[in-house]
Trainee: 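I have a structure I would like to understand better, so I am pasting it below and will then ask my questions one at a time.
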Amino acid sequence: VPDPEVRLQELVDKIRQRGGRLTPQRVAVLGVLAESKGHPSVEQIYDQIKVDFPTTSLATIYKTVNLLKEMGEVLELGFADDSNRYDGNRPYPHPHLICTRCGEIHDLEVPSLSEIVQQVSQEVGYQIVSHRCDFYGICPKCRGSDSQAELV
Ligand SMILES: [Zn+2]
Ligand SMILES: [Zn+2]
């Protein structure tokens with residue numbers, strides 16, 4: 001997993017090379033996405049940015065996320081009944097661990113996944129361009145509050 005500070009610099013450089021605007025608000029959005037702690041939604045990014053930049057609009061966040069999407073620098077995880085979530089730290093398909101209770105999304109290492117993708121490709125004759133692998137469960141934090149509730 002790339003260092004968030006290194007990743008932020010990379011994103012700043014790439015947007016600069018494209019001649020994109022780099023306002024302090026936008027750099028702050030890039031900072032949140034470079035870290036992508038818990039894989040935030042646009043609304044969650046907005047809530048974080050508002051602390052330092054109260055005049056930021058939701059549109060600013062959407063524009064920055066869409067620019068990164070165009071550039072292939074953010075991974076979008078769409079959900080049927082929830083808002084999209086983003087990973088700007090690792091902008092390529094990778095497995096995720098999703099807590100169904102608090103909604104936190106974490107990266108997961110599944111070393112054999114690339115072998116599976118290769119195997120599938122060989123078996124069906126597709127050139128696999130993307131894949132999605134989500135594991136759902138209840139995170140330790142949420143399980144912790146469970147056992148506390150049981151004690152009460
Ligand atoms: Zn949880
Ligand atoms: Zn991720």
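Counting starts at 1 for both ligands and their atoms, following the listed order. Index from 1, following the sequence.
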Trainee: Aromatic contact between H96 and H39, with the criterion being ring centroids under 6.0 Å apart: yes or no?
Mentor: yes
Trainee: Relative to the Zn ion (ligand 2), which of the N, O or S atoms in H94 is the closest?
Mentor: NE2
Trainee: In H39, what N, O or S atom is nearest to the Zn ion (ligand 2), if we give its atom name?
Mentor: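 This turns out to be NE2.
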Trainee: How is the N/O/S atom of D87 that comes nearest to the Zn ion (ligand 2) named?
Mentor: OD2
Trainee: Given the ring of F79, does R132 sit roughly above its face, with NZ or CZ under 6.0 Å from the centre of the six-membered ring and within 45° of the axis?
Mentor: yes
Trainee: Quick one: are F135 and L108 in side-chain contact, heavy atoms under 4.5 Å?
Mentor: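 Yes; the side chains approach each other to less than 4.5 Å.
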Trainee: Salt bridge or not for R7 and E73, using N-O below 4.0 Å?
Mentor: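 A salt bridge is present here (some side-chain N lies under 4.0 Å from a carboxylate O).
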Trainee: Check K63 with E70, please: is the shortest side-chain N to carboxylate O separation under 4.0 Å?
Mentor: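 No salt bridge links E70 with K63.
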Trainee: For the Zn ion (ligand 2), decide whether H96 has an N, O or S atom at a distance under 2.8 Å.
Mentor: yes
Trainee: Where the Zn ion (ligand 1) is the corner point, what angle links SG of C142 with SG of C99, to 10°?
Mentor: 110°
Trainee: Of all N, O or S atoms in D107, which has the smallest distance to the Zn ion (ligand 2)?
Mentor: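 Per the distance ranking, D107 contributes OD1 as its closest N/O/S atom to the Zn ion (ligand 2).
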